[in-house]
There are 12 protein chains.
Amino acid sequence: MKILIVNGPNLNLLGTREPEIYGSETLADICSRIDRSASEKDVQVSHFQSCIEGDIVNSVCTAKDDFDGIIINPAAFTHSSVALRDAISACGLPVVEVHISNTHKREGFRHISLTAPVCVGQIMGFGSYGYLMALDALLYCIKHRVA
Amino acid sequence: MKILIVNGPNLNLLGTREPEIYGSETLADICSRIDRSASEKDVQVSHFQSCIEGDIVNSVCTAKDDFDGIIINPAAFTHSSVALRDAISACGLPVVEVHISNTHKREGFRHISLTAPVCVGQIMGFGSYGYLMALDALLYCIKHRVA
Amino acid sequence: MKILIVNGPNLNLLGTREPEIYGSETLADICSRIDRSASEKDVQVSHFQSCIEGDIVNSVCTAKDDFDGIIINPAAFTHSSVALRDAISACGLPVVEVHISNTHKREGFRHISLTAPVCVGQIMGFGSYGYLMALDALLYCIKHRVA
Amino acid sequence: MKILIVNGPNLNLLGTREPEIYGSETLADICSRIDRSASEKDVQVSHFQSCIEGDIVNSVCTAKDDFDGIIINPAAFTHSSVALRDAISACGLPVVEVHISNTHKREGFRHISLTAPVCVGQIMGFGSYGYLMALDALLYCIKHRVA
Amino acid sequence: MKILIVNGPNLNLLGTREPEIYGSETLADICSRIDRSASEKDVQVSHFQSCIEGDIVNSVCTAKDDFDGIIINPAAFTHSSVALRDAISACGLPVVEVHISNTHKREGFRHISLTAPVCVGQIMGFGSYGYLMALDALLYCIKHRVA
Amino acid sequence: MKILIVNGPNLNLLGTREPEIYGSETLADICSRIDRSASEKDVQVSHFQSCIEGDIVNSVCTAKDDFDGIIINPAAFTHSSVALRDAISACGLPVVEVHISNTHKREGFRHISLTAPVCVGQIMGFGSYGYLMALDALLYCIKHRVA
Amino acid sequence: MKILIVNGPNLNLLGTREPEIYGSETLADICSRIDRSASEKDVQVSHFQSCIEGDIVNSVCTAKDDFDGIIINPAAFTHSSVALRDAISACGLPVVEVHISNTHKREGFRHISLTAPVCVGQIMGFGSYGYLMALDALLYCIKHRVA
Amino acid sequence: MKILIVNGPNLNLLGTREPEIYGSETLADICSRIDRSASEKDVQVSHFQSCIEGDIVNSVCTAKDDFDGIIINPAAFTHSSVALRDAISACGLPVVEVHISNTHKREGFRHISLTAPVCVGQIMGFGSYGYLMALDALLYCIKHRVA
Amino acid sequence: MKILIVNGPNLNLLGTREPEIYGSETLADICSRIDRSASEKDVQVSHFQSCIEGDIVNSVCTAKDDFDGIIINPAAFTHSSVALRDAISACGLPVVEVHISNTHKREGFRHISLTAPVCVGQIMGFGSYGYLMALDALLYCIKHRVA
Amino acid sequence: MKILIVNGPNLNLLGTREPEIYGSETLADICSRIDRSASEKDVQVSHFQSCIEGDIVNSVCTAKDDFDGIIINPAAFTHSSVALRDAISACGLPVVEVHISNTHKREGFRHISLTAPVCVGQIMGFGSYGYLMALDALLYCIKHRVA
Amino acid sequence: MKILIVNGPNLNLLGTREPEIYGSETLADICSRIDRSASEKDVQVSHFQSCIEGDIVNSVCTAKDDFDGIIINPAAFTHSSVALRDAISACGLPVVEVHISNTHKREGFRHISLTAPVCVGQIMGFGSYGYLMALDALLYCIKHRVA
Amino acid sequence: MKILIVNGPNLNLLGTREPEIYGSETLADICSRIDRSASEKDVQVSHFQSCIEGDIVNSVCTAKDDFDGIIINPAAFTHSSVALRDAISACGLPVVEVHISNTHKREGFRHISLTAPVCVGQIMGFGSYGYLMALDALLYCIKHRVA
C-alpha cells in the first residue's frame, strides 16, 4: 500500500518558527516519525511539501495512479483554496485532513475549512501526533472502503 | 488511568436510526470496542450518555476528581450549548472532541463548533473508529501534558 | 392508533400567563379537548409536557415502539434546539409541528424554525384549535403514508 | 358565508408538473375537493388563480364586500411580494396562508414569508389536504372572531 | 406642461383602509386636490393607478412622448421592483418619488428604496400633502432642468 | 423545431433609451436578426415581450405544448422574480438565459440571478449578439438532450 | 409663528466647495431665500449652523420654549449621531428633515438615516429648494397638528 | 418578603475553577453573604442552582406563588436559552439579571443577552458583589412597583 | 474620596421629556439624591453633563488628577463614540457605566455598547436609582482595587 | 488573428474525473474541437492550462504582444483569485469567461465571480460547447471592437 | 509652504497613558520633532489638537486659505466621523492620514476607515515617526500635485 | 544592512498598463530609484517579483538568514493570501507593507488586508514614492527594534 503525505505552505518552517503554536519538531523529524510508523505497518509513504498551491493541486490530481490514499495538511490553503477543494473532490482517493494546531482556537477566518467537506474526515489539535493518527485513520478507511 | 467517555443527545439511537449517516453499530457496540481497546492499554473507562444538556454539563464539571481526561461527542450540543463550552473550559482536564460523521458535509449550522475552541483537539468523519483514535490522542496528550 | 402529543417549555403555564398571546385555556383544558376529538376518531392519545429539552428529546426518540405519529409544540425549543431537530429527524415517525401563536408576528428570532424542516408540516396561529387541526393532519398523513 | 380561495403563480400547473413536490392532483381537482367540503358546511366558495401579482392584490383588496374570509396560497409571491403583504394587511378580513409543500425543506429564500406576519395563521406541508384544513381553520376564526 | 401622477398597489384603498397610517382621504379626493393645485399653475395632470407592476412600468416607459415629468408613489414596489427602477432610469424624464407615510418609522424592509436612487428626489411623511409638494418640486426641477 | 424567445420588462425600450448600456438596436431589429439566423437553421421562432411578470410566467408555463425550448432575457425579473424561477423550473423545457449587458459590471443586486440556477446556462455581456449565441446553444442542448 | 432652521456640519461650505453635489449658492444665500419665503407667510425664522454635534443637540433640545417647529439638515450627522436622534425624539416639536442632495445616489452608508424615523418626514434631492418645501411642509404639519 | 435567587450552569464551580474570571469565593460563600445582607433587611431568600435549563425554567415559572421577585444569573443560558427568556417573560414577577464578570469583555457571542430584554434590569462586572446590588435593586423595584 | 459623575447628551432633559422612558425626576433631582447618598459615605462628588462628545472625552481624560473613580451614563454616546471608549480605556481610573432605561428593551442599535468593554461593569434598567447603585459599586471597586 | 485559450486548475482532469459534472471529453478533445472550429475561421489558437495561479496570471499579463483576445475558464480561480482579476483588467485585450457547468446550480461560493466584472462577458452551463460559443463571441467582440 | 497638523481625540494623552500601544513621547515631544524636521525643509507647521469632532471639522474646513496641505491623525474619529470625512473631501487640500499604532492589529471596528478613502494616502504602525513620514509624503504630493 | 523588496502579482506590468491607477514608471524604474536611495544609506537591496503566491511565500519564509527586514507590496495577495500572512508572521523579520494606490478608494474587497495585521505598518496612496518611505520606515524600525 502506498500513501501520499502532502504538506502545505510554511510547513517547511516547522520547528524553526513559532514553536508555541506548532511545536519544536522539524518537518523532517515528522516525516521520519511517519515513515517509522508506516514501515511497521508495511505501508510505503511519499512526502510532498510546497508553498505553491498549484503544485499541491497537481500532486493531489495525479495521485490516483500511484497511491491508495492521501493525508493532507493544507495549512493556509484550508481557508483560501477552492482549487485544492476541487482537486481533492476530483482525485478519486480517500483524503484525510490534518492540522497541527486546533484552528478553532485561532482567528475567525481559520474556523471555516474549504477542504474539509470533500475529505473523509479531519483531525486537529494534537500536534505532529495528528499525522500518525491520520495514517491509522486512512488505513482504516482504505481497508473498510470508507470515502 | 481513568477516562470518561461522554456521549450527547440522540447517540443512544446509534445503530437503530439513520445508519447511512451514523453507521450500524449500537452505542453499546461502540462502548465495548472502546473498552477492549482501553483494557489493552490498562486504562479504565467510564461511559456516560444523556440527552439532557445539564446532566452532561454536570458530568464534565465534576470529572476532575475521578478522571484524567475526557472524550466527548457533544452531538447536537456542539452547535448550541454555551453551557457545555463553559463546563469544558472550566473542568481542568484535557478534553478531546469526536464526531462520527464529518459535520462539514452537512447543514451549515453544523460547520461551527462552540465546544472545539476549548477542547485540545477534534476528530471527525471516521465513524465509530474515531473514538479509538480519540482514546489514543487523549492518552498521548495526558502523557505529554498537552492541554 | 396511538398518537403522542408533546408540549415544550412554559406551555404548562397556558391559561395562567400572558393570555393576550396564548389564550385563556389551560394545558389541561386543551388536552381534554384533544382527547375528546381523538376518541371520536378511535385514536388513543398520550400527553407529555416538559421544560427539559432532553426529556422531550427522549420522548421523541423512543416513541416509535409505542406510537404511530407525533404532534409537537416545541415552543422555545423550535428556535434553539438542534438536539430536538435531530431527534425528530431520527425518530422514524411522521411529526406535525404546531404553534398556538403566529410566530411570524413576533421577534425576529422566532421566524426561523430548526425543527420545521424535519417535520411533515407546520400549523401556526390558530390558538389551541391548531392541535385539533394537527390531529386531523397527522391522521391524514399516517393514512396516506405521507412523511 | 362566503370564502375566497386565492391561488398564486404556477399553481395552475398543479398535477401536471413536478408531482414529486406538489402531488398529482390538478388545481381543478383540488377546487372540487374544497367545494365538496365547503358545501357540507353550507359555505360558498369562489376560486381565483393568477400568475399576475397585481390581479391577486386586487382580488384581496376588494374582497371585503363579497366575502367573509380568504384562504391564500401565495406560492412564489410569499417570498417576494410586498404589495400582497400590504393588500392582506389592508383587506380587513381574516386570511389564512396555506402551502402545499413544507417550504422549510426547500431553498433558503423560501424559509421567510413576507405574507405570514399579516395573516391569522399558516399551514404548510400537508399537500392539497392543507386547503381543507385551512377552510376549517378559517371558519373557526370567523366564528370566534379571531383576526 | 403635462405631468403624469402614478400611484402604485393598494393606493386605490386610500381612505377606506388603515386610516391611522394613510389618512382618511380617498385617492379620488387626493387627485382632485392635485388637479386644483395644478390648474392654478396651468399644468395638466394625468392620473394612473395600478396594482400591476408591469402596467406601472409601461406607464413610466412610454411617458416621454406625452409628459414633461412624473410624480410616483411606488408604494410596495418601492422595496421590491427592480423593473420599476429600470423604467424610471430609462424613461428620460424627471421623476419625483413621494410617500404618504414616513417609511422609516415602519418595518425594516421599508427603509430601503430601490427606486429613490434613480429619481430626482424623495418626499415622505407629509400625508397626501406630499403630492402637492411633489408637484411644486417637479415643476421647479423642470424649470431649472434638474434631473 | 419551434423556439420561444421571451423578453422581460423595459426591453421594449431597446435602442431608444440608455444606448450606452444596451446598444442602439431596437427590439424589433434584434427580433429580425434572430429570425434570419433561425430561418437559416430551419427553426421557427415566436417572440414575446412583456413588462408584466405574470404574463411572462404564463408564457413560460404553457410553452411546452408548442415549443421545444426557450430563450429568455428576464431583465429586471432576473433579480426579483421567484415566480419566474418557479415557472422555468416547472416548464419542462430547456431554457437559456441571456443578458445584453454584463450584469456583473453593474449594481451589486444585479450580481445574483434567481433564474440562472434553473436554466441550462447563461450568456451575458455580448450585446444583442448574445441572442444568436443563445439560439445556437439552445439548439445544441435540444439536439444533445442537455437539460 | 417661529421656526428654527438647523444646518449641520460642513454646510457652512455651501457654494464654495463641491458645487457639483451641493450647488453654487452659499448658506447665506439660502438663508436669505428662506427668510423671504417665511416673511411672506408671516413666519419668523432663526438660523443655526454648527459643525459640533453637541451644539446642534442643544439647539434642538432647548427649542421648545422659543419655536413652533424645526427644519433640520443634519448632513453627516444623519448617518452617525444617535444623540441627535434622541434630541429630535425628545424635543416635543415637529421636525422636518431636509437634504440638498439625493443621498440614495451616494455611498451606501448614506442610505440609512438615524434621524428620519423620529422626524415627521423627509425631503431630499431638490437642492436648496428643499428648504422652501420643508418650510411649507412644516407649516402644514403645525397647522394640522401632524407630528 | 421572599426572594428567589437562581444560579445557572457551572456556577456551582465558583471559587474552584477559573478564579481569574470569576473570583475565589464559592457559591456557598456568596449565598451566605446574600443571606446576611437579606436578613438585615428582613427579607427571606431561597437559593436554587442547576445546570439543567428546564429545571431553571421550572423554578422561574412556578415562583409566583412563593416569591415576590427573582434575581437570576443565567450564566451560559443568557446567550442560548429562548425557553428561559419565555419563562422570565411569563412569570409575572420582577426579575433582575446579574453577571459576575463583565460579559462585554469576553467572546462576541456573550455580548448579546436573550434574557435581558425581559428583565427589569441588568448588573454585570462587579463580581459577587453584584448579587448584593441586585438584592437592593430588586427590593427597590418591588417597593416602587417597577417591572 | 472624590468621584466624578458624567452624564451624556440629552440627559439635561430628564424629567421634562419622555417621562415614560426616563422617569419624572430632573437631572438636578438626581444629582441631589446622589449628593445626599455620597455625603453619608463621606464621598465628594462632582457632576458634569454635556451634549458635546469632546467635552465628555476631556472630562474623562483629565479626571485622574482630581478623582478616584468615574460613574458615567454615556447615553447616546454608548453606541456611537469610539472616542469616549478610548478615553475611558486610557483614563486610568475605574469607571462604572449606568443607564436609566434597560437599553435591551429598545431599538437594536442600543443593544451594543462601545463603552462597556472598557468599564469595570454596567448597571441598567433601574431608573435613577441606578446612580446610587453605581456609587456603591464604584466605592466597592475602589476599596477592593477592582479595575 | 490569434487567440489564447486559458484553462485553470483541475481542468487537466476533464473526461477522467466527475463526468456527471464536467462531461466525458478530455481537455485534449476539447482543444482539438476548438482548433477545428478556429481553423475554419482562419484563426490561430494557442492553448495554455495550469493549476498554478501565477502561471495563469503571467499568461494573461503578457498576452497582448502575441494575441488579439483571450478565452478563459478560470475554474476555481473564478471565486478566489484577485490576482487573476487584476491581470485580466490590466491585460488590454478582450477576455471572454467560460464555464463548462452552470456554477449557479452548485455551492453558494461559486455564485460569485471575481473575474466576470472585468471580462467582456460570460458563458456557462453548455459543457464544452461553451468554448466554441466563446470563440464566436470573442471574434464578434474583436471585430466590433467591444471591450 | 504651510502645513496644518491635526490630532484627534485622546492624543493629548500621548506619553502619559497606555505607552504599550502609543509609545512614551508626549504630543508636545512629537510636535517639536515635527517642527525641527519641518524647519529643515523650510516648511511652517501649525498644530491643532482637539477632542471635539466639530472643532476638527472646522479646522479642516477652513484650512484652505492658510495652508497648502494637512496631516491628520483622526484617532477614534477615523472609525466614527462621517462629518470629518465630508470635511476632508470638501477642503480642497491634499490630506495625509497617519496612525501611531497599526490599527489592523486591534479591534475589528478599527480595521475600517471612513476617512482614508478621501485622503491621498495612509501611514500606520510606525509610532510617532509616522508624522515625519507623513510630512515627507505630503510635501512630495504637493510638489507633484498628487491629490 | 540588507533589505529584501518583494513585489506581488501584476506589478511587473507597472508603467505599461493602467497608468491612471499605478503611474507611468516601470518596476525597473522604481527599483533603480530604491537602489539609489538605499545606496545613499549604505543599505543593500535585493528585489524579487513574482505572480506566483508560493514563490513569494518562499522568498519571505527564507529571508531571515540573508536579510534584516522586508518591504512588501503584496498587491492582489493582500486580500486573498492566508499563506502570505502566515509567512510574514513566521519569518521573524520586521515587514513593511506598501501599496502604490490608496486601496480604500477602490472596490470594497480591497479595504481589508490579510497581511497588514502581521506587518509592522502600512503605507498606501503615495505612488512609487511609498517604497522610499517604506525604506526609511523599515530602517527606523530595525534601528529602534520595532517589530
Side-chain angles (χ1 to χ4, degrees), chain J residues 4 6-10 12 48-70 72 74-95 97 107-120 122 147, chain L residues 6-28 48-60 72-85 87 97 99-101 103-116 124:
Chain J
L4 176 63
V6 180
N7 278 292
N10 295 301
N12 47 323
F48 182 73
Q49 190 275 334
S50 176
C51 296
I52 298 178
E53 179 199 26
D55 287 343
I56 291 180
V57 166
N58 277 326
S59 73
V60 170
C61 276
T62 60
K64 190 154 192 199
D65 297 335
D66 300 315
F67 299 97
D68 299 286
I70 300 174
I72 190 164
F77 295 150
T78 307
H79 318 296
S80 68
S81 177
V82 177
L84 183 51
R85 177 193 177 112
D86 288 356
I88 293 172
S89 178
C91 76
L93 290 175
V95 180
E97 181 175 322
E107 303 98 316
F109 66 81
R110 294 194 211 267
H111 297 189
I112 293 297
S113 170
L114 278 168
T115 47
V118 292
C119 290
V120 176
Q122 195 187 41
Chain L
V6 180
N7 278 291
N10 295 301
L11 291 169
N12 46 323
L13 300 181
L14 276 175
T16 66
R17 299 278 191 285
E18 300 184 300
E20 72 285 0
I21 301 183
Y22 299 104
S24 59
E25 287 169 303
T26 63
L27 184 56
F48 181 74
Q49 190 275 332
S50 176
C51 296
I52 298 179
E53 179 198 26
D55 287 343
I56 291 180
V57 166
N58 277 326
S59 74
V60 170
I72 190 164
N73 180 342
F77 296 149
T78 308
H79 318 296
S80 68
S81 177
V82 177
L84 183 51
R85 176 192 179 112
E97 181 175 322
H99 295 277
I100 290 173
S101 67
T103 62
H104 294 294
K105 291 185 196 269
R106 301 176 66 196
E107 303 99 317
F109 66 80
R110 294 194 209 267
H111 297 191
I112 292 296
S113 170
L114 278 168
T115 47
M124 62 165 64

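Just so you know, these numbers use all the heavy atoms, side chains as well, and skip hydrogens, waters and symmetry mates.
Side-chain atoms of L:N10 come within 3.5 Å of backbone atoms of J:A83 as a donor-acceptor pair (strictly under, hydrogens ignored).
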Applying side-chain contact (heavy atoms from CB on, under 4.5 Å) to L:T78 and J:V82, what does each step give before you reach the verdict?
CA-CA 9 Å; L:T78 308; J:V82 177; over 6 Å; no

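Taking J:T62, J:I56, J:N58 one by one and counting their heavy-atom pairs under 4.5 Å with chain L, the maximum is reached by J:N58.
For L:D55, no part sits under 4.5 Å from any heavy atom of chain J, backbone or side chain. Heavy atoms of J:S89 lying under 4.5 Å from chain L belong to its backbone as well as its side chain.
To the nearest 0.5 Å, atoms NE2 (L:H79) and CZ (J:R85) are separated by 10.5 Å.
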